[in-house]
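Data block below; observations after.
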Number of protein chains: 2
Amino acid sequence: MSESAAHPSTPITGPTDSGDAFGDLAFDVFAKRCPSRTALENITGRWGVLVLAALKDGPYRFNALRRRVDGVSEKMLSQTLHALERDGLVIRDVQQQIPPRVEYRLTPLGADTAGKLLDLVGLLEGRMDEVLAARSAYDAARG
Amino acid sequence: MSESAAHPSTPITGPTDSGDAFGDLAFDVFAKRCPSRTALENITGRWGVLVLAALKDGPYRFNALRRRVDGVSEKMLSQTLHALERDGLVIRDVQQQIPPRVEYRLTPLGADTAGKLLDLVGLLEGRMDEVLAARSAYDAARG
């Protein structure tokens, strides 16, 4: 069992066990030391959004996921998957066969999170005309 | 008017005018050169989420916003606001008085985007017990 200060080995049942100054307060991403801040950063990081959104389609093997998330390096995809696995959003599923088959899939929490992210992505993709018009106007005013 | 290749000065009315290889295709954040990818990164970047979520409460002056988004530096807040302003999510509103009063507020697109982000934040804050339990289990298995 890990005994590190950051991740006590005692069962964690809620905010009061988070081991810092949050006590009875609810989790709050606006507070820089709240553990929800790092969880939010893992989800909304450069690659976290795209990995979660991709896995909403179903399980992926590493290389297929890397092709789906266009532009991600092997190292960054590996780091992103580890962070999401540690936060309970992604499961690394090793199927016992020769050679072993490894797939990544969402947990129920990961699927709910990915659903919210896809809502955001859908909104953005559907209104990129507004974004591009704003960029043109902004750049023209400063050109 | 700016004539840079990245941001043509011609009016942009949709994906076909985005000036790259996207042609008639819909915007797709999974494609690394799609302009929706950078817009997504600005929204979901380390500080973009928190700035948009904060501004959903109403307009903020710079220093008040900096206090609300606990931990952000002056430089990072300034960069984040510029990127969100350029993408049409935030308006920098200069009120003519002495001294001038500058406030930041959301556009309609910014408010819709912030709504989706708050859905995500609410889900995460409400299920941090699952995240913390997963972190403990992950660290214990590797301790």
Side-chain angles (χ1 to χ4, degrees), chain A residues 1-4 7-9 11-15 17-18 26-32 35-36 39-41 43-46 49-50 53-54 68-71 85-89 109 112-113 116-117 119-121 123-136 138-140 142-143, chain B residues 1-4 7-9 11-15 17-18 26-32 35-36 39-41 43-46 49-50 53-54 68-71 85-89 107 109 112-113 116-117 119-121 123-125 127-136 138-140 142-143:
Chain A
M1 296 287 276
S2 165
E3 294 292 335
S4 74
H7 309 292
S9 61
I12 286 181
T13 56
D17 291 311
S18 63
F27 293 105
D28 177 10
V29 295
F30 284 105
K32 70 180 172 187
S36 65
L40 182 67
E41 288 174 357
I43 290 168
T44 62
R46 183 175 174 91
V49 177
L50 296 175
R68 176 72 177 125
V69 181
D70 188 18
E85 188 189 354
R86 180 168 180 265
D87 282 357
L89 298 156
L109 176 60
D112 292 346
T113 303
K116 300 293 187 195
L117 290 171
D119 287 348
L120 175 71
V121 165
L123 172 78
L124 186 67
E125 287 178 346
R127 293 174 72 174
M128 276 301 295
D129 53 341
E130 291 178 54
V131 172
L132 295 179
R135 286 184 186 176
S136 287
Y138 183 98
D139 294 341
R142 287 155 187 78
Chain B
M1 297 286 276
S2 164
E3 294 291 336
S4 73
H7 311 292
S9 61
I12 287 182
T13 56
D17 290 310
S18 63
F27 292 106
D28 177 11
V29 294
F30 284 104
K32 70 180 172 189
S36 65
L40 181 66
E41 288 174 356
I43 289 167
T44 62
R46 185 175 173 90
V49 177
L50 295 174
R68 176 72 177 124
V69 182
D70 187 18
E85 188 188 355
R86 181 168 179 265
D87 282 357
L89 298 157
T107 63
L109 175 61
D112 292 346
T113 302
K116 299 292 186 197
L117 290 170
D119 287 346
L120 175 70
V121 165
L123 172 78
L124 186 67
E125 288 177 347
R127 292 175 71 175
M128 276 303 294
D129 53 343
E130 292 178 52
V131 172
L132 294 179
R135 286 184 185 175
S136 286
Y138 184 98
D139 294 342
R142 286 156 188 77

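In what follows, every chain begins at residue 1, and chains take the letters A, B, ... in the order their sequences are listed.
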side-chain contact (heavy atoms from CB on, under 4.5 Å) between B/R127 and A/T113, worked out: CA-CA 10 Å; B/R127 292 175 71 175; A/T113 303; over 6 Å; no

Any side-chain heavy-atom pair of B/V49 and A/E41 under 4.5 Å: no

For A/A54 against B/F30, the heavy-atom pair lying closest together: N-CZ, 3.6 Å

Atom of A/P35, atom of B/L132 and distance for their closest heavy-atom approach: CB-CD2, 3.9 Å

Which of B/D119, B/L117, B/L109 touches chain A most, by non-hydrogen pairs under 4.5 Å: B/L109

Among B/G88, B/G71, B/A39, residue most engaged with chain A (heavy-atom pairs, under 4.5 Å): B/A39

Part of B/L123 lying under 4.5 Å from any heavy atom of chain A: side chain

Exam field: side chain B/D70 to backbone A/K32, donor-acceptor pair closer than 3.5 Å: yes

Separation of A/M128 CE from B/D28 CG (nearest 0.5 Å): 11.5 Å

From CG (A/D129) to CZ (B/F27), nearest 0.5 Å: 7.0 Å

Measure distances from [X] to the heavy atoms of chain B and classify the residue's part below 4.5 Å as side chain, backbone, both or neither.
| X | result |
| --- | --- |
| A/L124 | side chain |
| A/V29 | both |
| A/L120 | both |
| A/I43 | side chain |

Salt bridge (charged side-chain N to carboxylate O under 4.0 Å, His left out) partners of A/E125, counting only residues at least two apart: none

Residues which pass salt bridge (charged side-chain N to carboxylate O under 4.0 Å, His left out) with A/R68, listed by chain and number, not counting sequence neighbours: none

Leading residue by heavy atom contact count with chain B [cutoff under 4.5 Å; candidates A/T44, A/L89, A/D112, A/V69]: A/T44

